[in-house]
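Shown next, in structure tokens, is the structure this report addresses.
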Amino acid sequence: MRQEIILYKRKECHLCDNALELLRRLQNEHDFTLKLVDIEENDDLEEKYGLYIPVVEIDGEVIQFGQIDEHVIRIRLQKK
């Protein structure tokens with residue numbers, strides 16, 4: 001089954017831009033869908049993730065937030 005990654009982000013966020021670039025690069029190596037969610041469009045998500053963005057969730061599990069580490073994401077993608 002194809003893995004799904006959700007990147008919770010907001011506009012004009014340097015860390016979010018870096019995380020998106022990293023995930024797009026990893027998409028060349030791994031088969032996963034990438035969904036982008038702008039937390040500013042949802043009050044509940046803004047409250048939940050506002051201080052933590054970017055947040056990377058893989059198959060419903062939050063893997064990392066803030067400064068995203070490529071090695072950690074890569075290891076998690078290889079587990080499936």
Side-chain angles (χ1 to χ4, degrees):
M1 190 164 120
R2 192 172 198 195
Q3 295 182 80
E4 178 185 62
I5 294 182
I6 299 175
L7 175 62
Y8 295 96
K9 63 180 207 59
R10 68 169 34 116
K11 295 175 190 83
E12 298 183 31
C13 166
H14 172 71
L15 291 175
C16 299
D17 294 341
N18 290 346
L20 179 57
E21 182 180 318
L22 180 153
L23 292 170
R24 287 199 171 136
R25 209 171 40 245
L26 286 173
Q27 242 179 340
N28 293 325
E29 303 169 28
H30 300 276
D31 185 31
F32 62 86
T33 60
L34 178 59
K35 181 178 176 184
L36 306 178
V37 176
D38 186 340
I39 66 167
E40 293 177 333
E41 296 176 6
N42 181 303
D43 290 340
D44 292 335
L45 292 176
E46 178 76 44
E47 185 176 323
K48 184 175 182 178
Y49 294 127
L51 299 176
Y52 301 104
I53 60 148
V55 175
V56 175
E57 180 183 289
I58 301 178
D59 295 334
E61 177 186 357
V62 172
I63 303 301
Q64 282 197 303
F65 59 88
Q67 188 73 25
I68 306 302
D69 184 302
E70 182 173 347
H71 180 72
V72 171
I73 302 298
R74 186 183 304 277
I75 294 296
R76 175 57 173 76
L77 286 170
Q78 292 172 349
K79 287 183 178 180
K80 294 285 178 169

Report, as yes or no, whether the 6.0 Å neighbourhood of atom CD on E47 holds more than 12 heavy atoms from other residues, nucleotides or ligands.
->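 Incorrect, the count does not exceed 12.
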Check whether [X] and [Y] end up in the same hydrophobic cluster, where Ile, Leu, Val, Met, Phe, Trp and Tyr are linked by side-chain heavy atoms less than 4.5 Å apart.
{"X": "L22", "Y": "L7", "value": "yes"}
{"X": "V72", "Y": "I53", "value": "no"}
{"X": "L36", "Y": "I39", "value": "no"}
{"X": "I6", "Y": "L77", "value": "no"}
{"X": "V62", "Y": "Y8", "value": "yes"}

Say you draw a straight line from NZ of K79 to CD1 of I58; how long is it, rounded to the nearest 0.5 Å?
->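 The CD1 atom of I58 is 10.0 Å from NZ of K79, to the nearest 0.5 Å.
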For the atom pair CD (E70) and CG (L23), what is the distance rounded to the nearest 0.5 Å?
-> 9.0 Å
Quick one, [X] and [Y] - any side-chain contact, counting heavy atoms below 4.5 Å?
{"X": "L45", "Y": "V37", "value": "yes"}
{"X": "Q27", "Y": "F32", "value": "yes"}
{"X": "L26", "Y": "R74", "value": "yes"}

Who passes ring-ring contact (aromatic ring centres under 6.0 Å, His included) against F65, sequence neighbours left out?
->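 Checked F65 against ring-ring contact (aromatic ring centres under 6.0 Å, His included); matches are Y52.
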Please collect all side chain to side chain donor-acceptor pair (under 3.5 Å) contacts where either partner lies in residues 9-18, sequence neighbours excluded, each pair once.
-> R10-E40, R10-E46, K11-D38, H14-N18
Could you give me the CA-CA distance, side-chain angles and deciding distance for L34 and L20, then say whether side chain to side chain contact (heavy atoms under 4.5 Å, CB included) is met?
-> CA-CA 9 Å; L34 178 59; L20 179 57; 3.9 Å; yes
Among Q64, Q3, H30, find the residue that satisfies the side-chain hydrogen bond (donor to acceptor under 3.5 Å, both in side chains) test when tested with R76.
->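 Single side-chain hydrogen bond (donor to acceptor under 3.5 Å, both in side chains) partner of R76 among Q64, Q3, H30: Q3.
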Name all residues meeting the side-chain hydrogen bond (donor to acceptor under 3.5 Å, both in side chains) criterion together with R24; count only those two or more places apart in sequence or in a different chain, and write none if there are none.
->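 R24 satisfies side-chain hydrogen bond (donor to acceptor under 3.5 Å, both in side chains) with no other residue.
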Worked check of side chain to side chain contact (heavy atoms under 4.5 Å, CB included) between I5 and T33 | CA-CA 6 Å; I5 294 182; T33 60; over 6 Å; no
